[in-house]
J.: 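Sharing a structure below in structure tokens format, with a few things to ask.
Residues take their numbers from the sequence shown, with the count starting at 1. Atoms within a ligand are numbered from 1 in the order they appear, just like the ligands themselves. The figures that follow rest on heavy atoms only: side chains count, while hydrogens, waters and symmetry mates do not. Every value quoted in this text rests on a predicted model; they were computed, and no experiment measured them.
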Amino acid sequence: MMIKQKMDISSLVAPHILKLRPYSSARSEFKGTAKVFLDANENPLRTPYNRYPDPLQLKLKNIIASNKGCLDSQVFLGNGSDEAIDLIVRIFCKPYEDAIITMPPTYGMYSVSAAINAVENIQIPLNSDFQPDVDAVLSVQNNQTKVLFICSPNNPTGNDIELDKIIRLVEGFSGIVVVDEAYIDFSEQSSMLSLLEKYPNLIVLQTFSKAWGLAAIRLGMAFASEEIIAWFNKVKPPYNVNTLTQEYALNVLSNKNTLKQDVSKILKERQELEKQLNTLPFILKVYSSATNFILIRTQSPDLIYEYLVSEGIIVRNRNKVLLCAGCLRITVGTKEENDLLISKLKGFKK
Ligand SMILES: *Cc1c(COP(=O)(O)O)cnc(C)c1O
């Protein structure tokens with residue numbers, strides 16, 4: 001086993017980023033309190049949204065860090081976790097030279113971010129149980145494979161990646177390992193957050209877009225060592241999280257019960273939806289889920305998809321995705337929405 005404490009993170013950072021002298025915004029050069037701000041060319045006649053936001057979102061990070069049991073300096077906040085995914089590729093990968101590793105079928109943004117940044121994506125498929133082939137992943141790594149993306153629970157398959165497999169990957173991979181926990185609040189498996197101190201190459205992603213019900217405000221989180229977060233802060237756009245989003249999130253976080261209540265309602269609906277889907281003869285398999293969606297396999301995914309569209313119900317067609325032939329991904333809705341889906345599906349004739 002590798003001794004991760006000895007890992008040199010800066011040796012993984014792309015050379016042009018290592019040399020970067022970051023933009024220093026008006027609001028980040030001055031620290032302290034002042035009465036008069038004449039430093040950022042803002043319009044003084046319109047308060048309060050005339051002012052640039054806090055570039056480091058310190059209030060919000062403080063609350064999030066204390067909820068998660070880490071340091072404020074171990075938190076990055078972004079314009080969705082999609083921003084964090086893009087920053088990770090940009091910080092660690094040298095264009096036209098380095099690569100990321102992904103394990104399809106998985107979330108599409110890893111490969112899109114790689115493509116946008118001229119970074120190769122080496123794909124090592126999950127096995128038929130949608131679990132990683134740890135040895136295959138570790139055996140393709142080389143000096144160019146800078147980042148490995150693990151999505152747990154995985155989208156679009158809905159299962160947890162087994163913890164011991166995640167840990168073998170984090171321990172055996174010599175680059176950065178990202179564990180995308182967008183759906184962790186729905187899962188019974190524990191978060192990798194508690195292992196941040198142990199693994200300096202670990203980045204954990206979470207988001208306000210799913211269980212928190214705040215996809216519209218675009219707020220994602222990355223948790224990592226202080227050193228990695230400092231690289232995020234150098235590369236990110238200076239004002240990447242706007243004031244309305246920061247205020248809204250602070251407000252929502254002050255009411256601690258909403259998350260738990262929503263999650264338990266959605267899980268109850270998921271259980272009922274699974275039960276109903278299992279009664280439909282043309283559904284070959286209802287995959288078990290650790291998320292707020294359910295993957296199903298059918299003989300005629302395209303026909304069912306088009307039929308549902310014609311009835312005004314949109315699900316996600318994953319038929320063309322590796323290992324997902326025949327599959328549709330269905331988000332758990334309200335009881336009324338799920339009931340409508342089931343009653344329409346009962347009327348499907350192929
Ligand atoms: C939805 C989703 C995200 C997106 O997060 P944003 O915070 O909305 O950008 C990230 N990862 C996975 C696996 C997702 O399914």
Side-chain angles (χ1 to χ4, degrees), residues 57 60-61 64 68 75-90 100-114 116 121 123 126 130-132 147-161 166 176-187 189 191-193 202-224 232 236-237 240-242 244-246 248-249 252-253 259 262-263 266 270 287 289-295 314-318 321-324 327-333:
Q57 313 97 24
L60 193 48
K61 278 184 187 168
I64 291 170
K68 302 286 180 182
V75 184
F76 162 81
L77 298 179
N79 186 353
S81 42
D82 286 349
E83 182 179 23
I85 292 167
D86 182 65
L87 285 171
I88 291 164
V89 174
R90 289 201 280 155
I100 63 163
I101 300 178
T102 61
M103 302 183 291
T106 193
Y107 185 51
M109 280 307 290
Y110 315 136
S111 66
V112 171
S113 281
I116 288 170
N121 176 21
Q123 300 187 305
L126 297 174
F130 301 136
Q131 292 297 328
V147 184
L148 166 66
F149 283 94
I150 304 172
C151 188
S152 182
N154 189 42
N155 178 5
T157 58
N159 60 294
D160 291 310
I161 302 299
I166 298 178
I176 299 293
V177 176
V178 180
V179 181
D180 184 344
E181 296 186 336
Y183 300 96
I184 194 71
D185 296 308
F186 298 107
S187 172
Q189 185 162 294
S191 165
M192 288 292 289
L193 263 183
L202 174 65
I203 301 176
V204 176
L205 301 182
Q206 295 185 3
T207 180
F208 282 86
S209 297
K210 305 289 159 61
W212 281 102
L214 295 173
I217 74 170
R218 308 306 302 130
L219 186 60
M221 302 166 266
F223 303 92
F232 274 92
K236 80 182 185 73
N240 61 324
V241 179
N242 71 69
L244 295 169
T245 293
Q246 295 188 43
Y248 200 90
V252 169
L253 283 166
L259 178 72
D262 286 3
V263 166
I266 290 167
R270 186 186 75 200
Y287 288 90
S289 171
T291 65
N292 65 332
F293 59 83
I294 300 172
L295 191 73
I314 315 301
V315 298
R316 192 94 155 114
N317 190 349
R318 301 283 79 184
V321 169
L322 184 77
L323 297 177
C324 292
C327 290
L328 301 173
R329 192 193 71 191
I330 302 171
T331 305
V332 178

J.: Under 4.5 Å between any side-chain heavy atoms of I266 and F186, yes or no?
T.: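 They are in contact (side-chain heavy atoms under 4.5 Å apart), so the answer is yes.
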
J.: Just checking, any donor-acceptor pair under 3.5 angstrom between side chains of D160 and S152?
T.: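 Not at all, the side chains of D160 and S152 share no donor-acceptor pair under 3.5 Å.
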
J.: Using the test ring-ring contact (aromatic ring centres under 6.0 Å, His included), find all partners of F232 that sit at least two apart in sequence or belong to another chain.
T.: F76

J.: Is any side-chain heavy atom of T245 closer than 4.5 Å to a side-chain heavy atom of R218?
T.: no

J.: Under a 4.0 Å heavy-atom cut-off, what residues line ligand 1?
T.: G80, S81, D82, Y107, C151, N155, D180, A182, Y183, T207, S209, K210, R218

J.: Once you measure the plane-to-plane angle for Y110 and Y107, does it fall in the parallel (<30°), tilted (30-60°) or perpendicular (>60°) bin?
T.: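 Judged by the thresholds at 30° and 60°, the geometry between Y110 and Y107 is perpendicular.
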
J.: Which atom pair, heavy atoms only, marks the closest approach of Q206 to S81?
T.: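 For Q206 and S81, the tightest heavy-atom pair comes out as O-CB, 3.8 Å.
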
